[in-house]
There are 2 protein chains.
Amino acid sequence: MARSLGRLLKGFRSLISPPAMRTQLSYPTACVSVRTMVALPSLFSSKPRDFSLPNSSWGSEMMRLYEHYNSQCEVETEGGETQRGPWQRLPSYNRSLKYATGGVYLSKVIQSKARLFTRNIRESGAAFEYVLFVNKEEQRCVCIFQAGHLLEGPPGHVHGGAIATMIDTVTGTHATILSGPVMTANLNVNYRSPIPLGSTVLIESTLDTQEGRKIFISCKVTSNNGSKLHTEATALFLSINVSHLLGGG
Amino acid sequence: MARSLGRLLKGFRSLISPPAMRTQLSYPTACVSVRTMVALPSLFSSKPRDFSLPNSSWGSEMMRLYEHYNSQCEVETEGGETQRGPWQRLPSYNRSLKYATGGVYLSKVIQSKARLFTRNIRESGAAFEYVLFVNKEEQRCVCIFQAGHLLEGPPGHVHGGAIATMIDTVTGTHATILSGPVMTANLNVNYRSPIPLGSTVLIESTLDTQEGRKIFISCKVTSNNGSKLHTEATALFLSINVSHLLGGG
């Protein structure tokens with residue numbers, strides 16, 4: 001455990017840009033540092049695609065909900081100026097070898113080809129289409145998720161594992177926003193009603209409590225108008241202390 | 001809930017071949033009936049690929065464990081005859097439109113392209129490579145799982161959602177063997193130590209108890225020699241009564 005955790009930390013270390021960690025202590029997440037990197041203009045490197053932006057596969061419900069939250073990311077003041085709104089859109093997490101040298105003991109082939117599970121199918125709309133918004137004041141995350149035809153479990157419906165995957169993704173991102181790199185320790189998922197393939201659902205997470213390194217988060221998956229409960233879950237994350245890996249001082 | 005369950009049942013109905021249900025009551029699973037169909041020789045239909053058979057992407061550990069269990073599927077008697085052994089290999093579940101007309105309310109496009117989540121990437125070795133064996137006498141299932149490079153969560157390691165997906169798959173298959181079509185009601189997963197990408201692990205499920213429609217199953221994910229515990233889980237399934245859909249009598 002200790003050895004594998006050490007290897008994992010090496011991976012996280014390379015995912016976190018130390019300057020961002022030091023200057024943005026209120027928001028020291030892998031998410032944000034990757035975001036910062038993505039935002040850097042460069043003539044020499046290709047900018048990774050942000051999968052959380054609309055594409056032609058997004059249906060009308062996905063677009064409507066996206067606009068609903070996106071329009072609250074910037075608000076206009078009475079004086080006509082724009083300022084940050086209550087919600088913030090999170091860009092997709094783009095793992096690339098450049099920023100993640102974790103698992104050096106893995107074969108070079110595996111390492112160089114590794115791709116985030118939820119973004120491993122390039123065909124738009126075929127698998128997981130999703131975008132996350134965070135409301136820091138209310139300690140809430142909302143994810144709009146459109147389930148593609150390659151996520152089938154029961155005939156015509158989304159696989160329980162695909163639902164668990166999205167719950168892990170949303171609650172894990174939420175925990176990361178709260179306290180930097182985390183590991184999932186527990187995921188307890190109650191499936192209430194099946195989710196039809198092709199439908200768009202809302203995944204909402206709320207912080208229950210934080211005790212030392214432990215972060216407890218609740219999560220609900222509902223139909224796009226919130227009227228039907230598909231899934232309920234609780235998640236426990238352990239924050240990983242990476243400060244000693246960042247050179248200290 | 002009632003309506004969506006009805007739609008789901010329609011899907012299951014088409015997955016189960018009624019004659020198999022009637023004559024094989026001791027083993028009335030979707031798995032088996034699909035298997036029966038797969039085994040039927042036909043000059044007119046292409047036989048779906050059985051993904052649970054070895055392919056060139058399987059590493060030495062995957063092959064070693066496969067041979068270990070596969071060799072126990074048939075045993076030789078003292079008289080030199082072969083007979084069924086304690087273990088049985090389960091062929092992969094191949095969903096195809098022909099056998100699953102569930103979700104008729106879904107768009108034709110989604111329905112015709114739908115593919116089982118764990119088999120949605122065709123490149124061998126890239127995602128989930130796995131094979132299941134069942135020991136009916138001991139009420140145990142064993143799955144040998146080799147995690148490909150497209151399942152990444154934490155750098156260099158398998159996504160928590162991909163692990164939950166495999167646990168759902170193994171315990172769900174186990175529950176299906178016990179009592180026909182089931183739905184996952186609860187999945188409670190404790191992540192103990194991360195699983196490196198590219199590694200082969202064992203996923204073992206055991207029946208805890210069965211109470212009416214409820215089936216409680218436990219599951220452990222360990223390193224390939226069983227020495228390291230990666231994940232522990234419990235799962236609850238509800239069996240779905242499809243007898244009234246099969247025409248009765």
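Order of the sequence lines sets the chain letters (A, B, ...), proteins ahead of strands, with each chain counted from 1.
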Donor-acceptor contact below 3.5 Å, side chain [X] vs main chain [Y]:
| X | Y | answer |
| --- | --- | --- |
| A:Glu129 | A:Met62 | no |
| B:His157 | B:Ile195 | no |
| B:Glu61 | B:Asn224 | no |

Next item on the list: Return the option, out of B:Ala233, B:Ala164, B:Gly160, B:Ala185, with the maximum number of heavy-atom pairs under 4.5 Å with chain A.
Entry: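 Ranked by heavy-atom pairs under 4.5 Å with chain A, first place is B:Ala185.
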
Item checked: Contact class of A:Leu187 relative to chain B, heavy atoms under 4.5 angstrom ->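 Both parts, backbone and side chain.
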
Next item on the list: Check each atom of A:Phe128 against the heavy atoms of chain B and say whether the ones under 4.5 Å are side chain, backbone, both or neither.
Entry: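 Interface part for A:Phe128: side chain.
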
Check: Closest heavy-atom contact between A:Ser52 and A:Leu90?
Finding: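 Where A:Ser52 meets A:Leu90 most closely, the heavy atoms are OG-O, 3.3 Å.
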
Note to self: Quick one about B:Ser218 and B:Asp208 (side-chain donor to acceptor, distance below 3.5 Å, no hydrogens or angles considered), yes or no?
What the structure shows: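 Present: a donor and an acceptor within the cut-off.
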
Checklist line | Which portion of B:Leu151 sits near chain A, non-hydrogen atoms under 4.5 angstrom | finding: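 Both parts, backbone and side chain.
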
Margin query: Quick check for you: among A:Thr231, A:Asn188, A:Thr184, which has the greatest number of heavy-atom pairs under 4.5 Å with chain B?
Written below: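 When all of A:Thr231, A:Asn188, A:Thr184 are compared, A:Asn188 has the most.
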
